[in-house]
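Only this structure's heavy atoms are used, side chains among them; waters, hydrogens and symmetry mates stay out.
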Amino acid sequence: MNTMITAHSGADHTEENSIDFVRYALASGIGALEVDVRMEPETRLLTLGHDHVAKDSALLSEAFRLIAQKPSVRVNCDLKEHGIEEAVFNLAKEYRLEDRLIYSGSFGVGALDQFPEIREHARVFLNIEEYVPNLYETLKKDPSKIRDAAGMISSVCTEHGIGTVNTYYELAVPEFQKILADAGIGVSVWTVNDEKAIRSFLDRGVTNITTRNLTGALHVLDEFPV
């Protein structure tokens, strides 16, 4: 069973995008943790934050410093703005985390050609909504369009050599997963908190499950053979 479990920022009722969350996730024995990343416009420092940068926002460098001490843990940087791919990678290199770095969120596929080191070292979980226009509005009107969405994101991944699509878990129906699997592309699902759903996705062998229910996910994981 090769599915990775990622602790969503704020998992188990810790504070979102806080150093306390990072410490908690690292102590849990998890495979990866996710943080939201923004750049402070004046200082140009990379910070943790979902909607905005606050005066007391934690620094990504501090999170990286702690993660570097746990060699088995990967870090998923959920980019909350465009154009910071290189800055995140360069900071990861400072802490020797480039081979444990995962990008998700507002990742621009052009960065893979513009900055070859990113392609060489980091992984990308490509968010489907970034590359399929009007995704949720379209599927609300016609759920069968999930086939078209899978085909569109599969084409983007194939063109740019990306191996995993990141999607809201309710969209990751078996048909969607199969279309991607036939193209050699895995599925990362977010944010799966229900233990029954976590168990189902583990059974289906998705690439990654991101969850706020870290304790529950680890409990379910213990039931599966290594």
Side-chain angles (χ1 to χ4, degrees), residues 1-37 48-50 58 60 62-80 88 92 95-105 107 122-128 163-174 176-177 180-181 185-226:
M1 201 282 296
N2 297 318
T3 299
M4 183 168 66
I5 302 292
T6 296
H8 189 286
S9 178
D12 285 355
H13 307 291
T14 55
E15 184 182 352
E16 291 265 347
N17 291 304
S18 67
I19 296 303
D20 284 344
F21 156 70
V22 173
R23 290 196 179 100
Y24 176 83
L26 290 173
S28 72
I30 201 67
L33 62 89
E34 177 193 271
V35 290
D36 300 322
V37 181
L48 307 189
H50 188 280
L60 182 60
E62 177 61 10
F64 278 178
R65 184 187 69 81
L66 294 170
I67 295 165
Q69 298 171 27
K70 291 280 188 175
S72 63
V73 179
R74 293 181 178 273
V75 54
N76 184 330
C77 287
D78 186 346
L79 307 186
K80 293 304 178 184
V88 170
Y95 292 88
R96 299 182 179 179
L97 290 173
E98 63 267 35
D99 292 312
R100 291 195 267 153
L101 176 63
I102 300 168
Y103 288 99
S104 64
F107 179 86
R123 296 178 68 182
V124 177
F125 291 175
L126 194 67
N127 276 58
I128 184 171
T164 305
V165 168
N166 199 38
T167 186
Y168 180 53
Y169 77 99
E170 289 187 354
L171 302 187
V173 295
F176 177 87
Q177 185 178 353
L180 292 173
I185 299 164
V187 175
S188 167
V189 288
W190 57 269
T191 301
V192 193
N193 302 322
D194 178 75
E195 292 179 29
K196 183 178 179 181
I198 291 170
R199 187 175 289 107
S200 175
F201 280 116
L202 286 170
D203 282 334
R204 287 168 52 187
V206 297
T207 300
N208 172 70
I209 299 169
T210 298
T211 181
R212 290 182 180 273
N213 183 9
L214 181 52
T215 298
L218 291 174
H219 174 73
V220 172
L221 193 61
D222 284 341
E223 301 174 0
F224 281 75
V226 177

task = For the pair Ile67 and Tyr95, evaluate side chain to side chain contact (heavy atoms under 4.5 Å, CB included) and give the outcome as yes or no after the intermediate values.
result = CA-CA 9 Å; Ile67 295 165; Tyr95 292 88; over 6 Å; no
request  = Give me the ring orientation class for Tyr169 and Phe201: parallel if the planes are under 30° apart, tilted from 30 to 60°, perpendicular past 60°.
outcome  = perpendicular
task = Could you give me the CA-CA distance, side-chain angles and deciding distance for Phe176 and Thr167, then say whether side chain to side chain contact (heavy atoms under 4.5 Å, CB included) is met?
result = CA-CA 10 Å; Phe176 177 87; Thr167 186; 4.0 Å; yes
ask   = Going by atom types alone, do Asp12 and Thr215 pair a side-chain donor with an acceptor below 3.5 Å?
value = yes
inquiry  = Any heavy-atom pair between the side chains of Arg199 and Asp203 that's under 4.5 Å?
reply    = yes
task = Answer whether the closest heavy-atom distance between the side chains of Val75 and Leu101 falls below 4.5 Å.
result = yes
ask   = What heavy-atom pair brings Ala217 and Thr211 nearest, and what distance separates the two atoms?
value = CB-CG2, 3.7 Å
key: Under 3.5 Å donor-acceptor, Ser188 side chain and Thr207 backbone   = no
inquiry  = Would the distance check show the side chain of Asn76 and the main-chain N or O of Glu34 forming a donor-acceptor pair, the cut-off being under 3.5 Å?
reply    = no
Minimum-distance pair of heavy atoms, taken over all atoms of Tyr103 and Ala122 = CE1-CB, 3.8 Å
ask   = Around atom CD of Glu62, are there more than 12 heavy atoms of other residues, nucleotides or ligands at under 6.0 Å?
value = yes
task = Could you tell me which non-hydrogen atom of Ile19 sits nearest to which non-hydrogen atom of Leu66, and how far apart they are?
result = CG2-CD1, 3.6 Å
query = Which value, rounded to the nearest 0.5 Å, describes the distance between Leu218 atom CG and Asn213 atom CG?
reply = 9.0 Å
task = Could you tell me whether a side-chain N or O of Arg100 sits under 3.5 Å from a main-chain N or O of Val73, the two making a donor and an acceptor?
result = yes
Closest approach of Ala7 to Phe21 (non-hydrogen atoms, all atoms of both residues) = O-CZ, 3.5 Å
query = What pair of heavy atoms forms the shortest contact from Ala58 to Asn17, and how long is it?
reply = CB-O, 4.0 Å
task = Step by step, work out the side chain to side chain contact (heavy atoms under 4.5 Å, CB included) result for Asp20 and Thr14.
result = CA-CA 7 Å; Asp20 284 344; Thr14 55; 5.7 Å; no
inquiry  = Side chains of Met4 and Ile102, heavy atoms from C-beta outward: is any pair under 4.5 Å?
reply    = yes
request  = Please examine the side chains of Val35 and Asp78, heavy atoms only from C-beta on, and report whether any two atoms are closer than 4.5 Å.
outcome  = no
key: Evaluation steps, side chain to side chain contact (heavy atoms under 4.5 Å, CB included), between Thr210 and Ser104   = CA-CA 12 Å; Thr210 298; Ser104 64; over 6 Å; no
note = Looking only at heavy atoms, the pair that brings Gly105 and Asn127 closest together is N-OD1, 2.8 Å
request  = Answer yes or no: is there a side-chain heavy-atom contact under 4.5 Å between Tyr24 and Leu214?
outcome  = yes
Glu195 side-chain N/O to His219 backbone N/O, donor-acceptor pair under 3.5 Å = no
ask   = Taking Ser200 for the side chain and Ala197 for the main chain, is one N or O donor matched with an acceptor at less than 3.5 Å?
value = no
query = For the atom pair CG (Asn193) and CD1 (Ile198), what is the distance rounded to the nearest 0.5 Å?
reply = 6.5 Å
inquiry  = I'd like to know if Arg212 pairs up with Glu16 as an ion pair, taking the criterion as any Lys NZ or Arg NE/NH1/NH2 lying under 4.0 Å from an Asp or Glu carboxylate oxygen.
reply    = yes
query = To the nearest 0.5 Å, how far apart are CD1 in Ile209 and CG in Leu202?
reply = 4.0 Å
query = With a 4.5 Å heavy-atom cut-off, do Leu48 and Ser9 have their side chains touching?
reply = no
message = If you define the side chain from C-beta out and look only at heavy atoms, does anything of Trp190 sit under 4.5 Å from Thr6?
response = no
query = Among all residues two or more places apart in sequence or in another chain, which pass the ring pair (Phe, Tyr, Trp, His ring centres under 6.0 Å) test with Phe125?
reply = none
